[in-house]
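Letters A, B, ... are given to chains in the order of the sequence lines, protein chains preceding strands, and every chain is numbered from 1.
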Number of protein chains: 2
Amino acid sequence: MRLDRNKESARQPLPSAVERFRKVLQRKSLRWTREREAIMKVVLAREGHFEVPDLVAALRKEGVDASRATVYRALPLLIEAGLIHPTVLSGERHRYEATFGHRHHDHLICSQCDKVVEFRFEAFEILQREVAAKHGFDLTDHFHELIGICSNCKGKKSADA
Amino acid sequence: MRLDRNKESARQPLPSAVERFRKVLQRKSLRWTREREAIMKVVLAREGHFEVPDLVAALRKEGVDASRATVYRALPLLIEAGLIHPTVLSGERHRYEATFGHRHHDHLICSQCDKVVEFRFEAFEILQREVAAKHGFDLTDHFHELIGICSNCKGKKSADA
DNA sequence: GTAGCTGCAAAGAATTTGCAGTTCT
DNA sequence: AGAACTGCAAATTCTTTGCAGCTAC
């Protein structure tokens, strides 16, 4: 999760997301285009995690003009603007999650049924900064994912092999 | 990092790694072959993180018989045996790290120079189990990676764009 | 003897890139 | 006008698979 304590972004509607995105573009002398705007909106509207091929399909379904290539090219910018964040998730393809307008959280995942629980534990946030500081780092981001077996799956026999 | 508190595996030489691997194979009615053995040894001998294509190249260089396909097929077994573990590390391809004979640790990474610091902080281990338990999960594994700017890079101007 | 293995080469997928035409600023 | 964009299709990679012949048990 991109750490972001100096901006009261959570819970704000679209305008400030637009602002953030524009700011990044401006700083890099890049342009605000209809495609980038469309991608941004669809991304922010998505619930939970998403993978790029799915996102591309979703765009197409909404009749949004934005080719796969353009989507791939936009992602790093959205990340830089703090609107989305890569997530780990044992999966194969890259996964992202909209972070703008969402309270920061990490994930607890059942390895058997893939159930995902979002959690937030302030102690982690504090200790992480401490650990980083102890090694002379300024913490800017982190990935934290817990893997386990949920109560529901505990009973079931593991049909291993 | 695969959690493993019931086995005093760390610091032990090869034999017990072999034993573990054989045990997994046995349980799944799979076979102990010269290729799997060779892959296991080369993997355990590697320092730090590795990606599959590099591992395959390393094997070839040592004249080890083991095709790419066989390597890919062996990895899940090595993971199951607790000899290696996938790591996050923002990279593109899958990355692994030998865990057998190494004390568990997580990573602190400089996003500018890619410097990697291994850290271990007992509090995290404990709190993670607590969080999992609070949601009814049995924790079996976790990914935890801190991203920041190291002291060395702090001075440098960020030649962004 | 048989189920499982292996290498190979082909297949699959996700992501990236070169290019020619378009569009912000 | 000029730099930056976009879609397309081709190119790259990593990873997986089908198959025919080998090998551990």
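The shortest distance between the side-chain N/O atoms of B:S29 and the OP1/OP2 oxygens of C:dA3 is not below 4.0 Å. In this model, the phosphate group of C:dT16 is not approached by any side-chain N or O of A:Y72 to a distance below 4.0 Å at OP1 or OP2. In this model, the phosphate group of C:dA14 is not approached by any side-chain N or O of A:H94 to a distance below 4.0 Å at OP1 or OP2.
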TODO: Begin with the C-alpha distance, continue with both residues' side-chain angles, and end with the deciding distance and a verdict on ring pair (Phe, Tyr, Trp, His ring centres under 6.0 Å) for B:H94 and B:F50.
DONE: CA-CA 9 Å; B:H94 290 173; B:F50 64 88; over 10 Å; no

Open item on the list: Go through it in stages, so that I can follow the logic: the residues are B:E80 and B:R27, the test is salt bridge (Lys or Arg N to Asp or Glu O under 4.0 Å), and I'd like the CA-CA distance, side-chain angles, deciding distance and then a yes or no.
Closed with: CA-CA 11 Å; B:E80 192 167 341; B:R27 172 154 47 77; 3.1 Å; yes

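Atom CZ of A:R68 and atom P of C:dT17 are 15 Å apart (whole Å). Distance B:E37 CD to C:dT6 P: 12 Å, rounded to the nearest Å. Distance CZ (A:R36) to C1' (C:dT23): 12 Å, rounded to an integer number of Å. Spacing between atom CZ of B:R73 and atom P of D:dC19 amounts to 13 Å, rounded to whole angstrom units. The interatomic distance linking A:W32 (CH2) with C:dC24 (P) rounds to 12 Å, in whole Å. As a whole-Å value, the separation of A:L77 CG from D:dA4 C1' is 12 Å. Between A:L25 atom CG and D:dC5 atom C1' the separation is 12 Å, expressed in whole Å. The distance from atom CG of A:L30 to atom C1' of C:dT25 is 13 Å, rounded to the nearest whole Å.
Within a 6.0 Å sphere centred on CZ of B:R60, heavy atoms belonging to other residues, nucleotides or ligands number 12 at most. Residue-environment remark: CD (A:E47) stays at or below the threshold of 12 foreign heavy atoms within 6.0 Å.
A donor N or O paired with an acceptor N or O is not found under 3.5 Å between the base of C:dA13 and the side-chain atoms of A:R93.
Position along DNA chain D of the nearest nucleotide to A:R34 versus B:R31 favours A:R34 as the more 5'-ward residue.
For the pair B:P53/B:R93, a side-chain contact is recorded, criterion being any heavy-atom separation below 4.5 Å from C-beta on.
Of the candidate nucleotides D:dT6, D:dA4, C:dT6, D:dT6 has the atom lying nearest to any side-chain atom of A:T33.
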